[in-house]
Structures are given as C-alpha cells and as structure tokens.
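Single-structure report; data block below.
We count residues from 1, following the sequence as given.
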Amino acid sequence: MKFVRKHWSNILIILVIILLTIPQTRTEIQIFVNRLLASTPAKIEVEDQKELTSYFWPLEDPYGRRKNLEHSKNKVVFMNYWATWCPPCIAEMPDLEKLYQQYEDQVDFYFVTNDDPEKVRNFMSKHEYTFPVYFSTGKKPENLSSNSLPTTYVITKNGKIVFDKTGTANWNSDRFTSVLDHLIAE
C-alpha cells in the first residue's frame, strides 16, 4: 500500500499509456481530452479577414442530392470540414448539432467530408445528428482550402471570412452565438 501511495502518479500515467495503446479506448480518450480543451474560437480582425470571391462549389449529400454553395450567397454560412474517424471532429459534433438545431433557419450549414457515404449515413444515424452533410464534387473556392481536420469557416452575408478555425472549438458558447446573432442581424 505504501508503494501505491508513493507512486500513484506514475501508476496513473502508465495506466493512461496502456489505455492509449488500445484502439477502442484511445479514440474515447482523445475525444474526451478534445472536449475538455475546446474553447470559443476568436473572430478574425477586420483587416485580416479574407473575402470569398467565388461561391461556385458543387456538393452532394449522402443520398445523391446536389447543392451548390452559390445558393448561400448573401447568407451567413457555417462550414465545417470533418471525418467520422477524426477524434477532434467527433468531439465537436454534439455542440455543432445543438448549434445547428438553434440556427438552422437563419444560417446555411455545410458539413463537408470525404468519407464513404455509407459510413457517414451510419455515423449520423448512430449519433442522431441532423445537420446537413455534403461531399465535394468539384473544386472548392480557394479561400476555403484546408488540409486539416476539423476546420471551420464562418462567412458573413457579404462574403467575409470572420472565423477560420482549425482544431476543436466550442461553437455553441454564448460568446460565439452572440457574434453569430450579430452577423445574422447585419
């Protein structure tokens, strides 16, 4: 018992390392840590905001229905790149679903993935997510390019990119939703 009391922190670290080597627990631990560390993203300063010059981007949902980002011109757009195998992406999903439920009639949401459509349908069904998922079927606009997951952009009605966040974030915080409310009111 003295040994355990004296070395409890080392034992805990060894236990965590062991759990991280097991695929079934590794993902859950990564999701938990990402949720724990998620913070509200910062708005890009006005002088650093890029503008979306072209909205042309053909997309398709998991059921083969086509949509183009051009339909969202002059609207507030929330765009998230994600994958079903990405722990930081999965960590954001519950808050993103809540955000979508709250703003689905006021903001155009695009959750873009390159995963297999069947895998995406199963993931969405398993977690009971209702946000719209799309697959790119053409070249995306230059200012919306990212090689990291998750990456999220928020675009104003006049095409300014006011949020460009890579990594897990708390998108359903009061601080973010107040900015979103302001963008909708503009």
Side-chain angles (χ1 to χ4, degrees), residues 23-24 26-28 30-32 34-35 38 41 52-173 176-177 180-181 183-184:
Q24 293 86 350
R26 177 179 52 238
T27 301
E28 295 304 317
Q30 290 173 321
I31 292 168
F32 173 76
N34 275 282
R35 282 187 185 148
L52 195 59
T53 54
S54 170
Y55 278 79
F56 183 79
W57 187 16
L59 301 159
E60 189 174 290
D61 76 8
Y63 304 97
R65 295 178 294 230
R66 297 187 182 275
K67 186 169 184 174
N68 197 305
L69 185 60
E70 286 182 326
H71 295 282
S72 297
K73 202 169 190 173
N74 301 316
K75 297 179 183 175
V76 176
V77 174
F78 186 96
M79 173 138 338
N80 178 272
Y81 298 145
W82 69 286
T84 59
W85 50 263
C86 166
C89 302
I90 296 167
E92 287 186 318
M93 292 296 161
D95 283 341
L96 291 174
E97 175 66 21
K98 289 176 190 169
L99 185 72
Y100 173 71
Q101 291 295 326
Q102 185 176 353
Y103 289 96
E104 66 180 302
D105 295 330
Q106 301 166 59
V107 174
D108 282 3
F109 286 87
Y110 293 83
F111 291 83
V112 182
T113 184
N114 290 327
D115 277 346
D116 174 68
E118 183 64 28
K119 197 179 229 184
V120 170
R121 283 192 295 268
N122 291 338
F123 179 87
M124 297 292 288
S125 177
K126 175 183 173 186
H127 297 286
E128 298 180 354
Y129 293 141
T130 60
F131 51 76
V133 175
Y134 297 98
F135 305 93
S136 179
T137 59
K139 187 177 180 197
K140 65 180 114 178
E142 187 178 314
N143 287 343
L144 298 180
S145 290
S146 175
N147 293 323
S148 300
L149 295 176
T151 296
T152 303
Y153 299 98
V154 177
I155 305 162
T156 65
K157 293 176 183 177
N158 62 2
K160 297 285 185 178
I161 300 171
V162 291
F163 288 90
D164 177 350
K165 170 71 172 132
T166 299
T168 307
N170 181 0
W171 293 104
N172 201 32
S173 70
F176 175 73
T177 57
L180 195 57
D181 289 336
L183 294 176
I184 292 166

Taking all heavy atoms of [X] and all of [Y], pick out the closest pair and write down the distance.
X	Y	answer
W57	K139	CD1-O, 3.4 Å
N68	P58	ND2-N, 3.8 Å
A83	I90	O-CG1, 4.5 Å
S146	S148	OG-N, 3.2 Å
P88	P150	CB-CD, 3.6 Å
Q102	Q106	O-NE2, 3.9 Å

Please round to the nearest 0.5 Å and tell me the distance separating atom [atom1] of [X] and atom [atom2] of [Y].
X	Y	atom1	atom2	value
L59	T137	CG	OG1	6.0 Å
M124	F131	CE	CZ	4.0 Å
M79	L69	CE	CG	4.5 Å
L183	K157	CG	NZ	9.0 Å
E70	F56	CD	CZ	6.0 Å
Y134	R66	OH	CZ	13.0 Å

Stepwise side-chain contact (heavy atoms from CB on, under 4.5 Å) check, N170 with N172: CA-CA 6 Å; N170 181 0; N172 201 32; 4.2 Å; yes
Residue pairs, two or more places apart or on separate chains, that pass side-chain hydrogen bond (donor to acceptor under 3.5 Å, both in side chains) and touch residues 108-121: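 Applying side-chain hydrogen bond (donor to acceptor under 3.5 Å, both in side chains) to every pair that reaches into residues 108-121, excluding sequence neighbours, yields S72-D108, S72-Y110, T84-D115, W85-D115, E118-R121.
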Please say whether more than 12 non-hydrogen atoms of neighbouring residues, nucleotides or ligands are located less than 6.0 Å from NZ in K165. yes
Give a yes or no on this: more than 12 heavy atoms of other residues, nucleotides or ligands lie within 6.0 Å of atom CG of N158.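 Atom CG in N158 is packed in, count exceeds 12.
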Mutual orientation of the aromatic rings belonging to F78 and F111 [parallel < 30°, tilted 30-60°, perpendicular > 60°]: tilted
Counting only N and O atoms by type, is there a donor-acceptor contact under 3.5 Å from the side chain of [X] to the main-chain atoms of [Y]?
X	Y	value
S54	P141	no
Y81	L144	yes
D61	V133	no

Just to verify, which of Y100, W82, Y129, Y153 counts as forming a ring pair (Phe, Tyr, Trp, His ring centres under 6.0 Å) with F109?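 Only match with F109 under ring pair (Phe, Tyr, Trp, His ring centres under 6.0 Å): Y100.
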For V107 and L99: C-alpha separation, side-chain torsions, deciding distance, then whether side-chain contact (heavy atoms from CB on, under 4.5 Å) applies. CA-CA 10 Å; V107 174; L99 185 72; over 6 Å; no
For side-chain contact (heavy atoms from CB on, under 4.5 Å), just list the numbers for D95 and F176, CA-CA rounded to whole Å, side-chain angles, deciding distance to a tenth of an Å, and then say yes or no. CA-CA 12 Å; D95 283 341; F176 175 73; over 6 Å; no
Beyond-backbone contact of N80 with E92, side-chain heavy atoms, under 4.5 angstrom: yes
Going through the distances and angles, do I184 and Y103 end up as a side-chain contact (heavy atoms from CB on, under 4.5 Å)? CA-CA 10 Å; I184 292 166; Y103 289 96; 3.5 Å; yes
